[in-house]
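Beneath this line is the structure, given in structure tokens, with notes to follow.
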Amino acid sequence: MAKILAVDDDITVQIILQELLESEGHEVLLADDGEAALRQTKKLKPDLIICDWMMPKLDGLELCRRIKADPQLATIFLILLTIREQVADRVQGLDSGADDFLSKPIEPSELQARVRSGLRLHQLNKQLSQALHDLKQTQSQLVQSEKMSSLGQMVAGIAHEVNNPVTFIHGNLSYIEDYSQDLFDLVESYQQEYPHPSPRLQDKITDVHLDFLSQDFPKVLASMKVGTERLQELVLSLRKFSRLDEAERKPVDLHEGIESALFLVQHRLSTSAGQPGIQIIKEYGKLLPFECYPGQLNQVFLHIINNAIDALEMDQEKEQDNSSLPQTIPTIKIQTTLQNDGQVIICIIDNGIGISDSVKPRIFDPFFTTKPVGKGRGLGLSIAHQIVVNQHGGELDCVSQPDVGTEMIIKLPFKKCLLN
């Protein structure tokens, strides 16, 4: 079950809370002042906290403020235990970060019901916060490193799949709200028609806490509605994020795309700071106009050529550190051929530092990189692989040997690329 922290400077209240919560199967932690509670919260991260308003060292309001101010703890559900019934007091508690209130003296059934409700909301908030955190983190990484146009269709598909069940749930909540209200109205009518129920029926009414249920159930539905609305906002953000810069196929000269990529990295090819310039060898075959997403393929060429330059620079640094190594001319060779079956093959070859056999299986994994911190985010080859394989039905292969060089092979099936 859940991990719950009960905070009260009265040992009797602690015992009562512990017994009631453990009877529900929860793991109960105890603290007798606000400072001790804050230490335990940071260390153990409970799912829910029940804390007294008035406590030594750190009162309940300040404890709520500090917990909600910490992003790592903000999703913890806080129930403030108090004898205060004034609206102004409740407002002050809510402004401090309390999620719910429980009046003293403690009514066991109300305590257990509020804990159940709080844990449901905590779980939903935790899931939403984690989803939002993951989305923000991924968005930040991808937007800063790539334009993300190549991943747009995948993200749009995910947004579409998530949107369907969320819309279904959100749409049905209003029906549940109406149906539940009809049922509560019906129960109320029965109570008016039969004001003196049988002992058995009265016991049942007491067992289910009908009065509390009729008040709390709409609140639970309202919380769920807020949750689904938040999910819909996230889906909308995903859809906006996934729009492609170029969404149409058109026939292009692939050599022009390669040349444009070389032009963009020209500043990295020239001699600078004592480093020899990088030699570019072009062995272009005769290619027919190729129908594709040109912006995406240009992005592939740019990623692979940049990686080749990185490998050559690392190799040059290695040669400078060890003068006994033979000096080589840093070279990138680009070959293009058209096969008899219509397949286009583009090879981008460098004589740089190479890739070890242990690393090679992971080079297309998102966020995997062997470059120093700050020089690579591990997205270039992952995105290139997605463009070639998923968008164009082709293949992207790597042949490499340490201290010899790397050959990246792009295979584009002419006929398959016309299929959507």
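In what follows, every heavy atom counts, from backbone to side chain, and hydrogens, waters and symmetry copies are set aside. Since this is a predicted model, take the numbers as computed values, not measurements.
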Give a yes or no on whether the backbone of Ala74 and the side-chain of Lys68 come within a donor-acceptor separation of less than 3.5 Å.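 At least one qualifying donor-acceptor pair exists.
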Tell me, please, which residues at least two apart from His26 pass ring pair (Phe, Tyr, Trp, His ring centres under 6.0 Å).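 If we apply the ring pair (Phe, Tyr, Trp, His ring centres under 6.0 Å) test to His26, skipping adjacent residues, there are no hits.
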What distance do [X] atom [atom1] and [Y] atom [atom2] have between them, rounded to the nearest 0.5 Å?
X      : Y      : atom1 : atom2 : result
Arg114 : Leu121 : CZ    : CG    : 11.5 Å
Leu111 : Arg116 : CG    : CZ    : 9.5 Å
Asp52  : Asp10  : CG    : CG    : 8.5 Å
Asp70  : Lys42  : CG    : NZ    : 6.5 Å
Glu407 : Gln401 : CD    : CD    : 12.5 Å
Asp8   : Met54  : CG    : CE    : 11.5 Å

Do you know the tightest heavy-atom contact between Ala261 and Phe301?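 Nearest heavy atoms, Ala261 then Phe301: CB-CB, 3.9 Å.
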For Leu124 against Gly227, the heavy-atom pair lying closest together: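 Between these two residues, the closest heavy atoms are CD2-CA, 4.1 Å.
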Does [X], at its [atom1] atom, have more than 12 non-hydrogen atoms belonging to other residues, nucleotides or ligands within less than 6.0 Å?
X      : atom1 : result
Tyr190 : OH    : no
Lys360 : NZ    : yes
Lys45  : NZ    : yes
Ile106 : CD1   : yes

Between Asn351 and Leu312, does the side-chain contact (heavy atoms from CB on, under 4.5 Å) criterion hold? Intermediate values first, please. CA-CA 7 Å; Asn351 60 346; Leu312 291 169; 3.1 Å; yes
Go through the steps for Arg268 and Asn306 under the test side-chain contact (heavy atoms from CB on, under 4.5 Å), then give the verdict. CA-CA 9 Å; Arg268 301 191 66 193; Asn306 265 320; 2.9 Å; yes
Name each donor-acceptor pair under 3.5 Å that joins a side chain in residues 192-211 to protein atoms two or more places apart or in another chain, with its distance.
unit_1	atom_1	unit_2	atom_2	d
Ser198	OG	Leu201	N	3.2
Thr206	OG1	Gln202	O	3.0
His209	ND1	Ser109	OG	3.4
His209	ND1	Thr206	O	3.4

Please report whether the ring centroid of His385 lies less than 6.0 Å from that of Phe364.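 When the ring centroids of Phe364 and His385 are compared, they turn out to be within the sub-6.0 Å range.
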Applying the side-chain contact (heavy atoms from CB on, under 4.5 Å) criterion to Ile363, which one of Leu396, Thr406, Ile355 satisfies it?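 Filter result, single survivor: Ile355.
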